[in-house]
Amino acid sequence: MKKIFLIAGHQPQTGAKAFLDEGIETLKMRNLIYKYLKSMGVNPIMDDDCKPLKEIVSWLKKNVTKEDICLDIHFNCSGNPSANGTEVFIPTQHCSDEKRIAKEILTNTVDVLGTKTRGVKLESQTHLGKIAMLSNFDACNILLEVCFISNTDDVDKYSTHREELAKQIASVLAKEVL
């Protein structure tokens, strides 16, 4: 049976900080998506708030299967205060489900928040070239950059529509397992 894993991309004290704290917001968004999935009859699995990335990846390697979906939640930040928008990353070597689900999450996020779409991008297009959460275990891996916490317009849109966004993302994920 296909499972959904929800990962808060950063814990408090480890994420970017600007108008919001990425570590705090990833936890809030993950917990809201979890709540809405549960209300839809889905039993998602969350990461441990206190574990470092290396331990989370190790845990995922032991627990995910190829058919499972792993959503890693992040928020962008830039020294350029006009940088804005939403983007989703998938593994460079991705399957059609990863691309399809990523597009749907991106579309829903942009529609709910009213942010600019920055597209679905490959992990190889990141400044690191490789991301542990996209390529170190075999599942349907999706990394969502919700918006720029360094852009006041993005932050206002996110803060206003956080609940609705979580509900929409939960709906996208729920139809994959129900």
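Count residues from 1 along the sequence. Below, each value reflects all heavy atoms present in this structure, side chains not excepted, and no hydrogens, waters or symmetry copies.
In this structure a side-chain-to-backbone donor-acceptor pair under 3.5 Å is missing from T160 to K157. Counting only distance, with no hydrogens or angles, the side chain of N151 and the backbone of P81 share a donor-acceptor pair below 3.5 Å. Side-chain atoms of E22 come within 3.5 Å of backbone atoms of A16 as a donor-acceptor pair (strictly under, hydrogens ignored). Panel note: side chain S58, backbone K54; no donor-acceptor pair is recorded below 3.5 Å. A donor-acceptor pair under 3.5 Å is formed between the side chain of T92 and the backbone N or O of S124. E55 places no side-chain N or O within donor-acceptor distance of the main-chain N or O of P52, the cut-off being under 3.5 Å. Side chain of H161 to backbone of Y158: no donor-acceptor contact under 3.5 angstrom is found.
Grouping the Ile, Leu, Val, Met, Phe, Trp and Tyr side chains by contacts below 4.5 angstrom, directly or via other members, places L37 with L144. Hydrophobic clustering keeps L32 apart from L20 (ILVMFWY residues linked when any side-chain heavy atoms are closer than 4.5 Å, directly or through intermediates). Both I105 and L178 are members of a single hydrophobic cluster when ILVMFWY side chains are connected at heavy-atom separations under 4.5 Å. The same ILVMFWY cluster, assembled from side-chain heavy atoms under 4.5 Å apart, contains both V120 and V172. Cluster annotation: V64 is connected to I131 through the hydrophobic network of ILVMFWY side chains, with a link wherever side-chain heavy atoms come within less than 4.5 Å.
When every heavy atom of L27 is checked against every heavy atom of A8, the shortest pair comes out as CD2-CB, 3.6 Å. Scanning all heavy atoms of the two residues, the minimum distance from H94 to E98 falls at CA-OE1, 3.1 Å. The two atoms that bring L6 and P44 nearest to each other are CD1-CB, 4.0 Å, heavy atoms only. Shown here for L53 and A132, the closest heavy-atom pair between the two residues is CD2-CB, 4.3 Å. Residues D72 and G9 come closest through the heavy atom pair OD1-CA, 3.3 Å.
Within a 6.0 Å sphere centred on NZ of K17, other residues, nucleotides and ligands contribute more than 12 heavy atoms. Around CD of Q93, the count of heavy atoms belonging to other residues, nucleotides or ligands within 6.0 Å does not exceed 12. For NZ of K121, the number of neighbouring non-hydrogen atoms (other residues, nucleotides, ligands) closer than 6.0 Å is greater than 12. Heavy-atom neighbours of K2 NZ from other residues, nucleotides or ligands within 6.0 Å: above the threshold of 12.
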Test side-chain contact (heavy atoms from CB on, under 4.5 Å) on I169 and N108 and set out the steps. CA-CA 7 Å; I169 292 171; N108 277 271; 5.7 Å; no
Kindly determine whether R118 and E145 satisfy salt bridge (charged side-chain N to carboxylate O under 4.0 Å, His left out), including the steps that lead there. CA-CA 10 Å; R118 296 173 60 93; E145 293 278 4; over 6 Å; no
Dump the intermediate steps for side-chain contact (heavy atoms from CB on, under 4.5 Å) on K99 and K103, then the final yes or no. CA-CA 6 Å; K99 191 169 190 174; K103 282 182 178 180; 3.8 Å; yes
Should T86 and T109 be marked as a side chain to side chain donor-acceptor pair (under 3.5 Å) after you check the CA-CA gap, both sets of side-chain angles, and the distance that decides it? CA-CA 7 Å; T86 300; T109 303; 6.0 Å; no
Apply side-chain contact (heavy atoms from CB on, under 4.5 Å) to M133 and C70, showing your working. CA-CA 9 Å; M133 292 300 294; C70 181; 4.1 Å; yes
Could you please spell out the steps behind the side chain to side chain donor-acceptor pair (under 3.5 Å) verdict for R30 and Y34? CA-CA 6 Å; R30 183 207 57 197; Y34 179 89; over 6 Å; no
For F5 and L71: C-alpha separation, side-chain torsions, deciding distance, then whether side-chain contact (heavy atoms from CB on, under 4.5 Å) applies. CA-CA 6 Å; F5 289 81; L71 176 63; over 6 Å; no
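Side-chain atoms of K61 and N136 form no donor-acceptor pair, as typed in the model, at a separation below 3.5 Å. Side-chain contact, Y36 with Q168: no donor N or O sits under 3.5 Å from an acceptor N or O. Side chains of S78 and N80: no donor on one and acceptor on the other come within 3.5 Å. Side-chain atoms of S135 and E123 form a donor-acceptor pair, as typed in the model, at a separation below 3.5 Å.
We find the CD-OG distance between E176 and S171 to be 12.0 Å, quoted to the nearest 0.5 Å. The line from CG of D156 to CZ of F19 is 9.0 Å long, rounded to the nearest 0.5 Å.
Looking only at side-chain heavy atoms (C-beta outward), I45 and K3 come within less than 4.5 Å of each other. No side-chain heavy atom of V42 sits less than 4.5 Å from a side-chain heavy atom of L173. Contact of the D48 side chain with the I56 side chain is not registered, since no non-hydrogen atoms from C-beta on lie closer than 4.5 Å. In this structure, L165 and L113 have side chains that are in contact, with non-hydrogen atoms separated by less than 4.5 Å. Between I73 and I33 the shortest side-chain heavy-atom distance falls below 4.5 Å. Residues T65 and D68 form a side-chain contact, since some pair of their non-hydrogen atoms from C-beta on lies under 4.5 Å apart. The shortest distance between side-chain heavy atoms of F75 and H10 does not fall below 4.5 Å. Contact of the L122 side chain with the F89 side chain is not registered, since no non-hydrogen atoms from C-beta on lie closer than 4.5 Å.
Between E163 and K28 there is no salt bridge, since no side-chain nitrogen of the basic residue lies less than 4.0 Å from a carboxylate oxygen of the acidic one.
Aromatic rings of F137 and W59 (six-membered ring for Trp) have centroids beyond the 6.0 Å cut-off, not under it.
Of the residues N76, T117, T115, the one that meets the side-chain hydrogen bond (donor to acceptor under 3.5 Å, both in side chains) test with E87 is N76. Test V110, D154, N84 against K116 for side-chain contact (heavy atoms from CB on, under 4.5 Å) and you get one pass: N84.
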